[in-house]
Novice: 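Mind looking over this structure? Questions follow.
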Amino acid sequence: MPKTADLRLPDPSRWKALAFIALAQLMVVLDATIVNIALPHAQTDLGISDANKQWVITAYALAFGGLLLFGGRIADLWGRKRTFVVGLIGFALASALGGAAQNQAMLFGSRALQGVFGALLAPAALSLLAVMFTDAKERAKAFGIYGAIAGGGGAVGLILGGFLTQVLDWRWTFFVNIPFAAVAAAGAYFVIREPAGSRNRSSLDVPGVVLSALGLVSLVYGFTRAETAGWSDGLTIGMFVASGVLLLAFVATEARVKSPLLPLRVVLDRNRGGVYLSLGLAIIAMFGLFLFLTYYLQVVKGYSPIRTGFAFLPMIAGMITGSTQIGARLMTRVPARKLMGPGFLAAAVGMLLLTQLEIDSSYVGLILPAQLLLGLGMGTAFMPAMSLATHGVEPRDSGVASAMVNTSQQVGGAIGTALLNTIAASAATAYAGSHAALGATDPELLKLQSMVHGFTGAIWWAVGILLVAAAIAVTFVNAGRPTAAPVSGGAESGDADGAEDEFRMPVVAH
């Protein structure tokens, strides 16, 4: 019996490991929204100017989005468990630094460090799931839980952020990460047993690291700057041009080097490519919506931060139900596209309802059903998408394949926030200009009407983006339902080209 024979048996601790991986993922997703709630208080406390406040969000997004591919490759090279634990410890230390910040430079630096360690942590977490759960039904359940957390964690962050900011202090939105990270790191260290023989020990592709990081940073910063400086701003245009040149150079480099940072086989597979693209588009639509609904509920409806957070609970419930009760149960019975396509369509219908928002719209009559549809649709689509995104890759590439999922989400979030906010602002300005007479008699009413008009105008775009995501999922993703089929070896599983009726889950023969 070869030395690695015992590794062919399912890890008896895999479900315990999932609990700690899910906890770490929850921490990362929470952090994406929890800081938004605390930002106005941190800005006042530290004397951050309106022009600089965006860097609390931008510093994190640039580091996280720019280094995700590098983090995924490090996980493949260094070991996923080790990378996961180091990412957790670093994220906790960076969070402690942010909570203790005495000036804006210290806060911005801590956010950038959070992004760096998040870029190690996120792909390591997803790739651990990919290599630990190989049975089709178990994989469906594991990714169902993971998908529910990834989809609903952002809304939970709004609740927790509102509570901590309103009851305690904005600094606790950073300190709260420390116990999350400590428990997850300790659990991972003692429980997770990463399968051997799945590392990629090839030399690091330094040109690929530099080109991908600079290209993604330029892209994220270009969209972030467009939100504040406009699309015609010289630096905004320059960032987009630089991003295009750098990413094209990255692709050319990856096609030629012996050990590429991102093997093109990972993204050129039509199923995985379709997943990355459709997920990115869906996140574009969702990130803008979170921001719009937060402002609508707090500014227009007058909700407190805590009440606003609780108002998002129906979306969380929908995501959890869609992911664990619909996606996970049906994933082994129907092809992924038959869950992803209808899921994105259901989310588009929920988004369509929100185009009817008005100042006096009923929460129960309009916002609640819209959130339920959005949550159910996204939860149903996300779970099979995340599972399929890491299926069929060689185990040595699972870290970078997982990083591509996170990259599509992170870049999609940056694009969504900037693009939809810019559309909303332009629509609001146009509405205010065409209703100047109302402004003379009731300027506050005009301000609110303009804001809501801007939101609904941008939400129409989000509807269209979700429809495109559904179309891509249906046309690109053509893998059949997963079946457990034995493959020889265990270190590798071939890339499915998507032409088969069924895609096969790698289960190593004993």
Side-chain angles (χ1 to χ4, degrees), residues 4 6-7 9-32 34 64 67-68 70-96 113-135 138-139 141-150 153 156-157 174-201 386-387 389-390 395-403 405-406 409:
T4 58
D6 60 280
L7 298 172
L9 295 170
D11 185 350
S13 300
R14 60 193 179 281
W15 291 108
K16 292 180 183 179
L18 173 62
F20 297 111
I21 293 171
L23 183 63
Q25 174 65 10
L26 178 61
M27 180 190 70
V28 172
V29 176
L30 284 176
D31 194 74
I34 198 171
F64 193 19
L67 295 175
L68 270 168
F70 175 65
R73 181 64 181 86
I74 288 295
D76 288 333
L77 175 67
W78 199 20
R80 296 167 189 87
K81 175 179 174 177
R82 183 184 299 174
T83 305
F84 183 70
V85 173
V86 169
L88 280 167
I89 294 172
F91 200 92
L93 292 175
S95 298
L113 278 175
Q114 280 186 312
V116 170
F117 287 106
L120 289 177
L121 171 60
L126 188 56
S127 60
L128 278 170
L129 288 188
V131 297
M132 293 178 71
F133 290 90
T134 55
D135 176 77
E138 287 194 347
R139 184 181 176 96
K141 291 179 182 177
F143 276 89
I145 295 169
Y146 187 89
I149 291 172
V156 175
F174 288 89
F175 291 146
V176 74
N177 290 330
I178 298 174
F180 275 98
V183 172
Y189 182 81
F190 290 109
V191 173
I192 291 179
R193 186 178 67 184
E194 181 182 354
S198 60
R199 292 189 189 178
N200 186 343
R201 300 184 184 276
M386 287 189 173
S387 179
T390 53
R396 63 194 177 118
D397 292 334
S398 65
V400 75
S402 302
V405 178
N406 289 284
Q409 292 177 318

Novice: Step by step, would you call M27 with L88 a side-chain contact (heavy atoms from CB on, under 4.5 Å)?
Specialist: CA-CA 10 Å; M27 180 190 70; L88 280 167; 3.8 Å; yes

Novice: Looking at every non-hydrogen atom in both residues, tell me the closest pair between G118 and F91 and how far apart they are.
Specialist: N-CD1, 3.9 Å

Novice: Tell me the closest heavy-atom pair linking L23 and A184, and the distance in Å.
Specialist: CD2-N, 3.9 Å

Novice: A181 and A92: which non-hydrogen atoms are nearest, and at how many Å?
Specialist: CB-CB, 3.6 Å

Novice: So which atom in A122 and which in F64 form the shortest heavy-atom distance, rounded to 0.1 Å?
Specialist: CB-CZ, 3.9 Å

Novice: Quick one: CH2 on W78 to CZ on R73, what's the gap to the nearest 0.5 Å?
Specialist: 13.5 Å

Novice: With L121, which of V85, I21, V28, T83 fulfils side-chain contact (heavy atoms from CB on, under 4.5 Å)?
Specialist: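 The option that passes is V28.
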
Novice: Would you say the side chain of Q114 lies within less than 4.5 Å of the side chain of F174, judging by non-hydrogen atoms?
Specialist: yes

Novice: Taking C-beta and beyond as the side chain, do I89 and F117 meet within less than 4.5 Å on heavy atoms?
Specialist: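 Not touching, per the 4.5 Å side-chain cut-off.
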
